[in-house]
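Both backbone and side-chain heavy atoms feed into the values below; hydrogens, waters and symmetry mates do not. Note that the coordinates shown come from a computational prediction; the quantities given were computed from them, not determined experimentally.
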Amino acid sequence: MTYTHVIVEADGGSRGNPGPASYGALVRDPATGEVIAQAGVTIGVATNNVAEYSGLIAGLELAAEYAPNASIEVRMDSKLVVEQMAGRWKVKHPDMKPLAMKAQSLAPFGTEWTWVPRAQNAAADTLANMALDGKPVPLKPAENSAAPVVTEVSELGKAMSGWGGVQTEPPTRLIFLRHGETAHTVDKRFSGSGGDDPGLSEIGREQAEAAAQYIAGLGPIDAVIASPMLRTRQTAAAVAERLGLEVEVRDAWVECSFGDWDGHTFAEVQEKWPDALNAWLGSTTVAPPGGESFDACARRARTARDAVLTSYPGKTVVVVTHVTPIKLMVRGVLQAPMASLFRMELKPATVTEINWYADGLASLRGFNVVPPLV
């Protein structure tokens, strides 16, 4: 079976710190909850941190073997490992540096790093303890009736620990704004990066002004970031002028590339490239001819998001971008399958708001809000 996105759960521990140590790691299909592969191994005498990093490395190696080319979210209850791998904390201990480098080399571009409470990492912890207790750990749970019972990660609990728990730091608030209308928007043509790059229409400029006024009423804004495409820069300019800020252009927020389909309507693509279109609609790993797959765009968008969170922790940032990156942000927060991208609709110049918390969790605050025209 081919997987487009998987979750790696990992843990490690030492009885004595340092003392006899082991790790547990597994790869899960988020769509079904099925454990694809797992491991529990003793590593001799080591510290908790070494064991945790060893578990992470083992989980990434399992993902590379059993879900090659899949995007990855890593979930661990080690705040240290998650923050270091996300680049928010420095790796200072000499024993950790080679392990961190090995893990980074195994993590695909755009890997998500999520801290979870210990109770939500019970499956990996169980595997580690089985190894320390001398119990055999099967590669697949179904191969052995004594395999640990894998519990689903509670997405409700995960979300509530983000916005309902005690937070010591303010969230980073990202206000996503889709660009205003263009000629391609009206005709519903594919309009990605590398194509015609049309500017805003007259209505699009009015929408940008309306969005600027609406966003100005949402409270203090610390920065305005835009995709490099003309329509997003024009929309961002209206917002920045209203707020008295400069526009910061970041290439990673550019729209997905639709290759040969750019400038064509869906009906035209269906007529000229029927087989390629069916394959694209059937899997987010498939790219249009000469274009970019949604999975590749997702990895790029996650990297763009992480860069903003690193640059503006605890701040409020307007990100003027496109349909696909915004949908990918929403999908990630809701932990919805990638196919959900085909079930969302974003109108031009609409506002979507997401809070990201210091513990790595997030909450969707608003979606597809249409600012009234001024």
Side-chain angles (χ1 to χ4, degrees), residues 5-12 23 25 47-61 63-64 70-117 121 158 161-162 167-174 176 222-223 225 227 248-254 295-317 319 321 325 328-329 332-333 335 354-363:
H5 182 68
V6 295
I7 294 171
V8 170
E9 300 171 28
D11 198 9
Y23 65 74
T47 64
N48 284 330
N49 292 152
V50 168
E52 288 164 344
Y53 262 111
S54 299
L56 170 60
I57 290 168
L60 292 170
E61 288 176 336
S71 59
I72 295 174
E73 179 190 2
V74 174
R75 296 178 180 175
M76 298 181 69
D77 61 56
S78 171
K79 185 75 169 176
L80 175 74
V81 174
V82 168
E83 292 299 312
Q84 288 179 341
M85 294 304 297
R88 293 185 287 267
W89 291 1
K90 292 183 178 180
V91 182
K92 297 181 180 180
H93 198 285
D95 290 347
M96 299 298 105
K97 288 182 179 180
L99 295 172
M101 291 176 62
K102 177 67 179 294
Q104 287 287 6
S105 71
L106 292 168
F109 183 71
T111 295
E112 294 181 79
W113 304 98
T114 302
W115 175 86
V116 295
N121 203 32
K158 178 179 176 182
S161 66
Q167 296 292 321
T168 59
E169 301 176 33
T172 302
R173 182 186 183 199
L174 298 192
F176 292 99
D222 297 289
I225 292 173
S227 150
E248 181 183 345
V249 176
R250 294 197 179 188
D251 292 347
W253 286 110
V254 75
D295 280 10
C297 186
R299 291 190 288 271
R300 172 166 57 78
R302 285 196 295 270
T303 300
R305 176 207 61 193
D306 290 347
V308 175
L309 297 181
T310 300
S311 300
Y312 297 99
K315 304 295 185 180
T316 298
V317 180
V319 179
T321 181
L328 287 166
M329 293 296 101
V333 171
Q335 288 298 295
I354 299 174
N355 278 3
W356 266 278
Y357 298 87
D359 60 8
L361 308 180
S363 61

Apply the test side-chain contact (heavy atoms from CB on, under 4.5 Å) to residues Tyr312 and Ile225: give CA-CA distance (whole Å), side-chain angles for both, the deciding distance (0.1 Å), then the verdict. CA-CA 11 Å; Tyr312 297 99; Ile225 292 173; 4.1 Å; yes

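When side chains are defined from C-beta on, Arg250 counts as touching Val308, because their heavy atoms get closer than 4.5 Å. In this structure, Val74 and Met85 have side chains that are not in contact, with every pair of non-hydrogen atoms separated by 4.5 Å or more. Looking at heavy atoms from C-beta onward, Met76 lies out of side-chain contact with Tyr53 at the 4.5 angstrom threshold. Two residues are said to be in side-chain contact when any heavy atoms from C-beta on lie closer than 4.5 Å; Asp95 and Thr47 fail this criterion. Using a 4.5 Å cut-off on side-chain heavy atoms (C-beta onward), Ser71 and Arg302 make contact.
Using a 4.0 Å cut-off between charged side-chain N and carboxylate O, Arg305 and Glu112 make a salt bridge.
Counting all heavy atoms, side chain and backbone alike, Trp115 lies closest to Ser78 at CD1-C, 4.0 Å. When all heavy atoms of Val91 and Ala100 are compared, the closest pair comes out as CG2-CB, 4.0 Å.
The backbone N or O of Ala10 sits less than 3.5 Å from a side-chain atom of Asn121, completing a donor-acceptor pair. A donor-acceptor pair under 3.5 Å links the side-chain atoms of Thr172 to the main chain of Gly314, judged by distance alone. Here the side chain of Arg300 pairs a donor or acceptor atom with the backbone of Val254 at under 3.5 angstrom. Side-chain atoms of Asn355 do not come within 3.5 Å of backbone N or O of Arg173 as any donor-acceptor pair.
In this structure, the ring of Trp253 has its center less than 6.0 angstrom from the ring center of Phe176.
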